[in-house]
2 protein chains.
Amino acid sequence: MVLKHSRQRDSIKEFLMGRKDHPTASVVYDNVRRSFPNISLGTVYRNLTLLADIGEISRIHVGDGVDHFDADTSPHYHFICRECGCVRDLDMAGIDLDEMASRNFDGQIECHTVYFHGRCKDCCQNLHSIKA
Amino acid sequence: MVLKHSRQRDSIKEFLMGRKDHPTASVVYDNVRRSFPNISLGTVYRNLTLLADIGEISRIHVGDGVDHFDADTSPHYHFICRECGCVRDLDMAGIDLDEMASRNFDGQIECHTVYFHGRCKDCCQNLHSIKA
DNA sequence: TTCCTTGCAAATCGTTTGCATAATG
DNA sequence: CATTATGCAAACGATTTGCAAGGAA
């Protein structure tokens with residue numbers, strides 16, 4: 001299976017790289033549609049899956065039942081705000097979770113996924129203000 | 001909304017407590033059906049959701065697209081075998097992930113979900129044996 | 001009797017897929 | 001030209017929901 005170039009795929013990847021949050025397929029669809037009004041949701045899904053498979057983006061399971069996608073494939077952690085639902089990156093350099101987990105475990109630990117939950121900076125500040 | 005007793009709900013919870021793995025709704029359904037042949041999948045889902053909401057069980061998102069349920073609500077971590085798909089518990093006593101994450105983060109971190117991936121003890125041992 | 005819970009079936013929602021056509025190399 | 005990618009719509013699988021009937025307080 002030789003990969004062929006496609007303007008739609010470029011557009012999807014470019015959109016994803018321009019975002020610091022972690023959009024869902026339908027958010028990608030809504031945005032890419034501005035450049036490709038006829039693009040279909042199916043194409044968006046197909047390309048997101050393809051890009052994730054070849055490692056150019058990563059698919060993240062936030063726990064809200066919808067898949068999110070992240071153009072930043074470097075190892076980092078995610079924070080999910082329980083109030084606004086936003087997904088933010090989190091730096092925990094120098095911490096080797098796999099090693100910590102291996103201490104009391106009999107199998108072979110290869111990697112992990114972590115999600116932190118709480119309230120993001122913005123939602124903390126808006127605590128006493130009127131909701132939009 | 002006052003909770004009323006139901007034999008189906010008891011059975012669901014009892015089944016879950018007797019398992020060390022983390023069954024999906026349909027596994028629960030298949031098993032509880034032995035005692036309640038007419039129970040419907042809807043009832044199973046309704047009760048699992050209810051039990052999770054009141055904190056008697058917890059819903060875990062393993063990343064395989066299907067929700068799993070765990071009767072052990074004490075804080076612990078999960079390991080998912082990439083070979084057989086089993087979900088096992090993992091002990092990491094004495095490690096405060098939330099505190100570690102808070103060091104470089106501006107919001108308020110309240111909790112986290114972690115999944116470790118790799119190969120479980122059994123799959124490691126079966127490496128060179130013939131697959132069933 | 002009140003109102004929560006059930007079983008059933010239909011509805012939802014996110015995602016995948018089959019197919020004929022268009023675009024790429 | 002050979003093949004991959006697209007748009008569309010239909011198919012899917014997991015979960016939820018509306019409703020009339022059954023069961024608990």
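Keep in mind the model is a prediction, meaning the values are calculated, not measured. Naming: A, B, ... by sequence-line order, numbering from 1 per chain.
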How would you list, by chain and number, every residue that makes a side-chain contact (heavy atoms from CB on, under 4.5 Å) with B/Asp106, sequence neighbours excluded?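 Residues passing side-chain contact (heavy atoms from CB on, under 4.5 Å) with B/Asp106: A/Lys121.
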
Please report, rounded to the nearest Å, how far the [atom2] atom of [N] is from the [atom1] atom of [X].
X	N	atom1	atom2	result
A/Lys13	D/dA5	NZ	C1'	17 Å
A/Ile12	D/dG7	CD1	C1'	13 Å
B/Leu48	C/dT6	CG	P	11 Å
A/Asp64	C/dC13	CG	C1'	12 Å
A/Asn47	C/dT16	CG	P	12 Å
A/Tyr29	D/dG7	OH	C1'	10 Å

Same apolar cluster (I L V M F W Y, side chains within < 4.5 Å links), A/Leu48/A/Ile60: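 As far as the 4.5 Å side-chain criterion goes, A/Ile60 and A/Leu48 are not connected within one cluster.
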
Does one side chain, of B/Asp72 or B/His22, offer a donor that lies under 3.5 Å from an acceptor on the other? no

Would you say the side-chain atoms of B/Asp10 and B/His5 include a donor-acceptor pair closer than 3.5 Å?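 The criterion, which ignores hydrogens and geometry beyond distance, is satisfied for B/His5 and B/Asp10.
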
Does A/Gln8 make a side-chain N or O approach to OP1 or OP2 of C/dA23 shorter than 4.0 Å? no

Given D/dG7, is OP1 or OP2 found less than 4.0 Å from the side-chain N or O atoms of A/Thr43? yes

Under 4.0 Å, heavy atom to any atom of DNA chain D: which of residues 32-39 of chain A qualify?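 Listed by number, they are A/Asn38, A/Ile39.
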
Mind listing the N/O atom pairs, protein and nucleotides 12-16 of chain D, below 3.5 Å?
unit_1 : atom_1 : unit_2  : atom_2 : d
D/dT15 : OP1    : B/Asp67 : N      : 2.9
D/dT15 : OP2    : B/Tyr45 : OH     : 2.2
D/dT15 : O5'    : B/Tyr45 : OH     : 3.3

Determine, step by step, whether A/Arg88 and A/Asp21 satisfy the side-chain contact (heavy atoms from CB on, under 4.5 Å) criterion, reporting the C-alpha distance in whole Å, the side-chain angles of both residues, the deciding distance to 0.1 Å, and the verdict. CA-CA 6 Å; A/Arg88 310 202 170 196; A/Asp21 63 344; over 6 Å; no

Donor-acceptor under 3.5 Å (B/Ser11 side chain, B/Arg7 main chain): no

Measure from the side-chain N and O atoms of A/Arg9 to the backbone N and O of A/Lys4, and report whether any donor-acceptor pair falls under 3.5 Å.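 Confirmed, A/Arg9 side chain pairs with A/Lys4 backbone.
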
Any idea how B/His112 and A/Phe116 line up, ring-wise: parallel (<30°), tilted (30 to 60°), or perpendicular (>60°)? perpendicular

Please enumerate all protein N or O atoms sitting under 3.5 Å from an N or O of nucleotides 23-25 of chain D, with distances to 0.1 Å.
unit_1 : atom_1 : unit_2 : atom_2 : d
D/dA24 : N3     : B/Lys4 : NZ     : 3.3

Residues in side-chain hydrogen bond (donor to acceptor under 3.5 Å, both in side chains) with B/Glu14, at least two apart?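 side-chain hydrogen bond (donor to acceptor under 3.5 Å, both in side chains) check on B/Glu14 returns nothing, list empty.
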
Which pair of non-hydrogen atoms, one from B/Cys124 and one from A/Gln108, has the smallest distance, and what is that distance? SG-CB, 3.8 Å

Taken in chain and number order and not counting sequence neighbours, the residues that satisfy salt bridge (charged side-chain N to carboxylate O under 4.0 Å, His left out) with B/Asp67 are B/Arg59

